[in-house]
Protein chains: 2
Amino acid sequence: MNEKNCPGELCKECGFRSSIFSGLNDEQLVALSQNRTFVCVTKGDYIVKQGSPIEGVAFLRKGLAKITRTNIHREQIIRIVSPREFVGLLSVFSSPTFQYNIIAIEDCEYCMVSKQQIMDLLSKNQAFAKILLEKISQISDAAITIRLDIALRQLRGRVAFILCFFANEIYQSQKFTLPISRRELADLIDMRVENVVRILSELRRDNILRIEGNAFEIIDPERLKWIKEHG
Amino acid sequence: MNEKNCPGELCKECGFRSSIFSGLNDEQLVALSQNRTFVCVTKGDYIVKQGSPIEGVAFLRKGLAKITRTNIHREQIIRIVSPREFVGLLSVFSSPTFQYNIIAIEDCEYCMVSKQQIMDLLSKNQAFAKILLEKISQISDAAITIRLDIALRQLRGRVAFILCFFANEIYQSQKFTLPISRRELADLIDMRVENVVRILSELRRDNILRIEGNAFEIIDPERLKWIKEHG
DNA sequence: GAAAAACATTGATAAATGTCAATCTTGATA
DNA sequence: TATCAAGATTGACATTTATCAATGTTTTTC
């Protein structure tokens, strides 16, 4: 895990700064600068490890990460985190240790803001508390909704669902390079690898999808949407 | 939906008061008393309706409720809420309308605290903000964990899981009267009614469970736990 | 660059789950 | 109390999903 200097010295001047910090005054922004660490990691590295004590919250600047829960038998992927999102926010307030792993699925850059700093801002800035509440609610709402959406569907529908998710939510494009393996895709939508592959092959055969390795293109979004809703 | 007077006039004197309000001063407790409505509903009544504007947050005094999401094809039960819990907390901060239904599965008594009142306390009392953050985090963490736990298991394991849940989390007893129908049980653990019934019958035949209508008794907790973990 | 490991793909088959139909039980309603 | 509606239960069967095995492909490692 490499630590580099933050490209901008001060959070105040940071173009990546999270909307969570929009209500801070200059003094508070300086304090923030002093209580965060800029970190670079490569694909596959842990950003946060399940069970380890919570030292802070990570703000993802670049790259995608997965939030997972591990088990003797399998790994469950809870959600995919895109740049400009906070990760680990949930655990901070509900537990002294991280409940989940956060693992880079691309090379990532993030700022680790200390827990103490979050708590400080919380007591000094009411607007910050409100924004934090909103963020946390949104994040958990989204996580629960995705789980329910997956549970609702059978396998074809799940694959269609997650492909639409990557196209619409993550890449805003019908053409994208999937950052995760078939196994991870399976772990994300509660399936077996073989079934993921089989269904992807079907979608390709039916000219709904173009696949070359991890390069995906949705060539018939309408039919894919239909499968997502009814299949 | 009946509205009765609150047994105690003032929240200050309320034996049911949520730990969320532990940090309030007298003045704030008086304000709370003036901005909440005491409500009684009977089994089956809606406490909150999916899609309706959020007027406030319900604190459950008595009775159990289910949080659900409805769909053309089926109802998904997200979680069961026990007395002394807040419900609808998530949506308050993430959306102008309720994302879920909250429906009484027993006769219920609850206090509806206005959204405005929550927001007011939030800006006046920092400790309140922290406690609220903790509660919300705990609630959503628990909801996500249950969903993951269910997704992990096959049907026998799911049934065992939910029976243990009712025995340990809700009733703290191996003997309890299930407040929901077989269909609702199915909706709670992503199964079909027939399969729930079938597996319950198996558990009874194997002398793990005693069932008479909705009266349940777990007579072999060890084996049930084994099925929950491995079955 | 060769060997090994991990990943991807497909088919055959077993196991799990869903569907349909029939019957029985219970609770609600007139 | 008789009737009806909803819930519960079981069996037979269809469909979906998981497992196992074999093979090809890509990536990593030495």
Side-chain angles (χ1 to χ4, degrees), chain A residues 42-45 66 71 73-77 103 105-107 150-163 177-206 209-216 227 230-231, chain B residues 42-45 66 71 73-77 103 105-107 150-163 177-206 209-216 227 230-231:
Chain A
T42 55
K43 181 172 178 153
D45 285 346
K66 62 176 177 181
N71 186 284
H73 299 299
R74 76 173 73 181
E75 174 181 272
Q76 289 178 292
I77 300 183
I103 302 173
I105 55 176
E106 296 177 338
D107 292 354
I150 289 169
L152 199 62
R153 294 170 162 80
Q154 19 189 84
L155 305 197
R156 292 174 59 82
R158 290 189 201 165
V159 171
F161 173 82
I162 206 66
L163 289 172
T177 301
L178 201 69
I180 57 177
S181 68
R182 303 292 190 265
R183 165 166 251 331
E184 289 172 303
L185 207 50
D187 291 337
L188 182 57
I189 53 181
D190 297 327
M191 290 177 56
R192 298 293 163 169
V193 185
E194 294 94 326
N195 288 323
V196 169
V197 170
R198 235 184 289 274
I199 288 167
L200 286 177
S201 298
E202 277 175 40
L203 293 173
R204 177 177 46 203
R205 195 197 52 211
D206 296 345
L209 223 57
R210 193 171 289 142
I211 312 175
E212 276 175 51
N214 281 339
F216 282 70
I227 293 169
H230 309 93
Chain B
T42 56
K43 182 172 178 153
D45 285 347
K66 61 177 179 180
N71 187 283
H73 300 298
R74 75 172 75 180
E75 172 180 271
Q76 289 178 293
I77 300 183
I103 302 175
I105 56 176
E106 297 177 339
D107 292 353
I150 289 170
L152 198 62
R153 292 169 163 83
Q154 24 188 78
L155 303 198
R156 291 176 59 81
R158 288 188 203 167
V159 171
F161 173 82
I162 206 67
L163 289 173
T177 301
L178 202 71
I180 56 177
S181 67
R182 304 290 190 267
R183 166 168 251 327
E184 288 172 303
L185 206 50
D187 291 337
L188 183 56
I189 53 181
D190 296 328
M191 289 177 55
R192 297 294 163 168
V193 185
E194 294 93 328
N195 288 324
V196 169
V197 171
R198 233 184 291 273
I199 289 168
L200 286 177
S201 298
E202 277 175 41
L203 293 174
R204 178 176 44 201
R205 197 197 50 211
D206 297 346
L209 221 57
R210 193 170 291 140
I211 313 175
E212 277 176 50
N214 281 340
F216 282 69
I227 293 170
H230 310 94

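In what follows, every chain begins at residue 1, and chains take the letters A, B, ... in the order their sequences are listed.
- At distances below 3.5 Å, not a single donor-acceptor pair connects side-chain atoms of Arg182(B) with backbone N or O atoms of Val196(B).
- Between Arg192(A) and dT19(D) there is a side-chain polar atom (N or O) within less than 4.0 angstrom of OP1 or OP2.
- At a threshold of 4.5 Å between non-hydrogen side-chain atoms, the residues Glu184(B) and Ile105(B) count as touching.
- In the set dT9(C), dT9(D), dG18(C), dT9(C) carries the atom at the smallest distance from any side-chain atom of Val193(A).
- For the pair Leu209(B) CG and dT9(D) P, the interatomic distance rounds to 11 Å; values are reported in whole Å.
- Looking at the side chain of Glu194(A), the nearest of the listed nucleotides dG18(C), dC20(D), dT17(D) is dC20(D).
- Counting to the nearest Å, the C1' atom of dG27(C) and the CZ atom of Arg183(B) are 18 Å from each other.
- Judged by distance alone with a 3.5 Å cut-off, a donor-acceptor contact links the side chain of Arg198(B) to the base of dT19(C).
- Between Ser181(B) and the phosphate of dA6(D), there is no side-chain N or O to OP1/OP2 separation shorter than 4.0 Å.
- Between the side chains of Arg156(B) and Asn195(B), not a single donor N or O lies within less than 3.5 Å of an accepting N or O.
- Between Ile199(B) atom CD1 and dA16(C) atom C1' there is a gap of 10 Å when expressed in whole angstrom units.
- Rounding to whole angstrom units, CD1 of residue Ile180(B) and P of dG7(D) are separated by 13 Å.
- Close to dA18(D), at under 4.0 Å from its OP1 or OP2, lies a side-chain N or O of Asn195(A).
- In this structure, the CG atom of Asp190(B) is 15 Å from the C1' atom of dA16(C), given to the nearest Å.
- The interatomic distance linking Leu203(A) (CG) with dT10(C) (P) rounds to 12 Å, in whole Å.
- Taking 4.5 Å as the limit, some side-chain heavy atom of Asp190(B) sits within range of a side-chain heavy atom of Gln76(B).
- Atom CD of Gln154(B) is separated from atom P of dT19(D) by 7 Å (rounded to the nearest Å).
- Contact between the side-chain N/O atoms of Arg182(A) and the OP1/OP2 oxygens of dT9(C) is found at a separation under 4.0 Å.
- Remark: Ser201(B) pairs with Val197(B), Arg204(B) by the side-chain contact (heavy atoms from CB on, under 4.5 Å) rule, at least two apart or across chains.
- Rounded to an integer number of Å, the gap from CZ of Arg156(A) to P of dT17(D) is 10 Å.
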